[in-house]
Amino acid sequence: MDRTTFLARIEEYHMGGWRLALINATSAMSTEEQPGGSFDVVWAFVKDNAFEYLREEIVPGDEVPSISASFPAAFLYENEIRELFGINVTGLNVDLGGQLYKTAKKIPFSPSAIRARLEANAAAGIASASPTPPAGPHGAAHAASSPAPTSAPTAGKTA
Amino acid sequence: MSMFSRSPWILHYDGSSCNGCDIEVLACLTPLYDVERFGVVNTGNPKHADIFLVTGSVNERNIDIIQNLYGQMPDPKVVVAVGACACSGGIFARAYNIQGGIDKVIPVDVYVPGCAARPESIIDGVVQGIAALEEKRKKRAS
Amino acid sequence: MKRTVIPFGPQHPVLPEPIVLDLILEDERVVDAVPTIGYIHRGLEMMVERVEYTEMGFVVERICGICSFMHGMGYCLSLETIMNVEVPDRAKWLRLIWAEISRIQSHLLWLGLGADAFGFENLFMHCWRMREEILDIFEKTTGGRVIHSVNRIGGVKRDVSDAELAAILVRLEELGKAFKKTASVFATDPSIAHRLVGVGVLSPEDALSTASVGPMARASGLATDTRLGGANLYDQIDFQPVVETAGDCLARVAVRLREVEQSIGIIRQAIDKMPKGEGLPLENRPRGNPAGEAFTRLEQPRGEVVYYVKANGTKYLERFRARTPTFANIPAMIQLVKGCELADVPNIILTIDPCISCTER
Amino acid sequence: MNTAIYGLLFVVLAPLFGGLLAGVDRRVSARMQSRIGPPLLQPFYDVGKLLQKKTRQVNPVAGPLLLGHVIFMAATGALLLGGTDLIFVAFVFALAALFLVLAAGSANSPYSFTGAERELIVLLASEPFFILMMAGVCKVSGVSTFGDVLAYPQWVAPQLPGILIAFLIVATIKLRKSPFDISTSHHPHQELVSGLTTDMSGRLLAYVEVAHWYESAILCAFMVLLFNRSWPIGLVAFGVAYALEVLVDNSTSRAKWQLVLRSTWAATLVLCGGNVLALFVIGR
């Protein structure tokens, strides 16, 4: 990800008086382009009735800058994606040090953890999602082929 | 018949429930159900309690808490598992962070079914809990 | 100065749910609060791996037993957006009515718990007695007291007859009268003012920077209400967001008091405007598997909730995510607790209307 | 000889009186909350059960201290009816209350400890009230024992209006009623869990309950002292005061400790102290 452009966009939202709505991550399982899997991370903001978000594709190990300097409340989301997805967020204003959820299995939402669970299910004959992502415009392939991450923020729908 | 059947004091702990059973436990105290008629008091303090009402299932994190609370209750004491989650893990039994019902951690005397358990069945569970309490007292005395 | 650490939770009579705040006290003043959550974390978002999208709605409803209806509705709305399903009119109106009834139920529940936290047990009892009326309406119309399971992807499962709707209006009218009396106690009682006025003041700037939502933000003067977007038929309803400016605990109580009356008004308008008659279509069931993604926002009793659903064309969703209002309000809560007195802690925690099982999912 | 029997009778009958009063209280409160409430004898069932439960002592001194609490509460009443000097009775009463604070403070739990601190704060403000009240009664009647005051041919109360009002405020603390139930509360939903009693279980909690019954009976005896010419009127006055307390308990929220401290000192110093001072100035 382009750190400078990203933080500049975040600052624009901050100056524009937007409220942080959520930071959301989605794990995509391994594909040919990204053998270790990848994360689709969304930073969403709300102002009046408008809802917009920035989207980045993150590869495990990538450094993701914290936005807590502009949006102090981001610490909760950032601690969460760090703990559940294992995304390497740096520069948090409040670092809970992995004590937020303290799940029995560490980093349960990471691509490898999901893959391991699904494979175990398949081996045990338990019905569950397939450990290989479906091809097509959606799913894991979608994240890999999505437009350049720092493109203009997509206006999301409000519901 | 001893005083136990007339004065069962309750400790309520929410394991990892969805709140549904918890609010129904609280609803038992309020005017429509009014369990204080039977001398039931929601103590909120393990050292005063006779009946341990647990809602929700067990996850890694609350195992210690549940054991600790149970340990702090003076004998005789009984455990009532309220709702499907407390009985077996319920709908969340398949979730990755859930280990199952309360009986994985502490001995359960009464199981109250339901998702969410209705106040009537919770009261019924407490009444059955009283009977169990009475038995344990007799055992202690003999 | 002697420092005491009070472990507030996980089991504490003031909190029906487990959350831990390690309060560091100097005498009775809180100098720091360290939160820990995770006691209710079930990981239900990850259940999409094993639960088909058609059944996932029942899991989502159990994110929280207080806003169960709205969670089910939000999930169905997301999938309806992805699958391009047009929900029949009557079903939309019924959803709106149930959603507002949920709001009344949740606010009454909270007002009771709040009163209990500042030691006014009598008010707790009276609020919960009124709440039983609402639960009765729920039970009559959906079959469940707290978990309703009436939402389906494409509509609703049950109809409510016009006669029943008229009866609901009568009951709400009665409830409104009784509620006015209780509301005036909250608003005017000096002993309540002693506990709430000037306690836990959140300025409008802080409300924005801590990303507060719902009654929390509205009590600090921010007119944020997701319903104003007009989705889900709210564009056909005449209402103004309830805003207070003081930003203290009493303002947060006042917002919820006024919202109960507002919701009764909204339900009245809805019953008036909805298409009448027996046997109207209630659902358009979609075919096939969903593919695509959707963000859905709703105004729950506790504030804005955001659902994210990503589907990949199989019967299992790729990702389900709910960002619940309490999660968004936790930064504000932590900020407010610092510097307050021990006796204020329950009031501050409760005025954000914490729903921990929502927060941790 | 006669008075000693009264003292003994108090030790035996006061718990019955106090327990029954608590039972009536719980039922009336429940009615005010549109509930039915527990049976009248519920407090006795509760204590009976607590005595059958296993007791967990967090600290070996808690037991003896709480036993001391009960014994001294009973002794206060016995000494009062037994004809001891009124001022001395007020001191024994304070000492009895202090035992509870010491017992709660001996537990190593922050809730119990903070509860003890709060109790100590209100104790320091409310105990002088009883001493001043006794001084006022002695000054008006010119005698210094319970029996003598009751035999005094004129009403004591009309000359002690400040003390009567202050009595209501202090009784709110002593009876642990909202808004002044900051150190422990009858409904256990406050920030300190069960405050003072958080760490007491089984037998120990039963002691606290029984001592509280004695305390209610002592307050009743004090009311009779103020309405000295006719004990039925004294009892009625106590009944009215108690009904007021229940009403206030059910229509207020719990105050913060600063307000409790301020109002107790105001009651003790301004109302009670002013009343006694006026007696001395006028009486000279």
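To find a chain, count down the sequence lines: A is the first, B the second, and so on, and within it residues start at 1.
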*Asks:* Side chain, backbone, both or neither: which part of C:Ser212 has an atom under 4.5 Å from a heavy atom of chain A?
*Replies:* backbone
*Asks:* Side chain, backbone, both or neither: which part of A:Leu118 has a heavy atom under 4.5 Å from chain C?
*Replies:* side chain
*Asks:* Applying salt bridge (Lys or Arg N to Asp or Glu O under 4.0 Å), run through C:Glu304 and A:Arg19 and close with a yes or a no.
*Replies:* CA-CA 12 Å; C:Glu304 176 203 56; A:Arg19 166 171 64 79; 3.0 Å; yes
*Asks:* Do A:Leu84 and C:His41 come within less than 4.5 Å of each other through their side chains, counting heavy atoms only?
*Replies:* yes
*Asks:* Specify which of C:Arg50, C:Glu45, C:Glu49 makes the most heavy-atom pairs with chain A at under 4.5 Å.
*Replies:* C:Glu49
*Asks:* Top residue by heavy-atom pair count (under 4.5 Å) with chain A, among C:Thr224, C:Thr210, C:Leu228?
*Replies:* C:Leu228
*Asks:* For C:Glu52, is it the side chain, the backbone, both, or neither that has a heavy atom closer than 4.5 Å to a heavy atom of chain A?
*Replies:* neither
*Asks:* Taking side chain as everything from C-beta outward and backbone as N, CA, C, O, which of these in C:Val51 sits under 4.5 Å from a heavy atom of chain A? Side chain, backbone, both or neither.
*Replies:* neither
*Asks:* Check each atom of C:Tyr234 against the heavy atoms of chain A and say whether the ones under 4.5 Å are side chain, backbone, both or neither.
*Replies:* neither
*Asks:* Check step by step if side-chain contact (heavy atoms from CB on, under 4.5 Å) holds for A:Asn24 and C:Arg323.
*Replies:* CA-CA 9 Å; A:Asn24 179 49; C:Arg323 196 283 279 140; over 6 Å; no
*Asks:* Decide, yes or no, whether a salt bridge links C:Arg319 with A:Asp40 under the criterion of side-chain N to carboxylate O below 4.0 Å.
*Replies:* no
*Asks:* In terms of heavy-atom proximity below 4.5 Å to chain C, should A:Ala74 be classed as side chain, backbone, both, or neither?
*Replies:* neither
*Asks:* Select one option (side chain, backbone, both, neither) describing which atoms of A:Ser70 are under 4.5 Å from chain C's heavy atoms.
*Replies:* neither
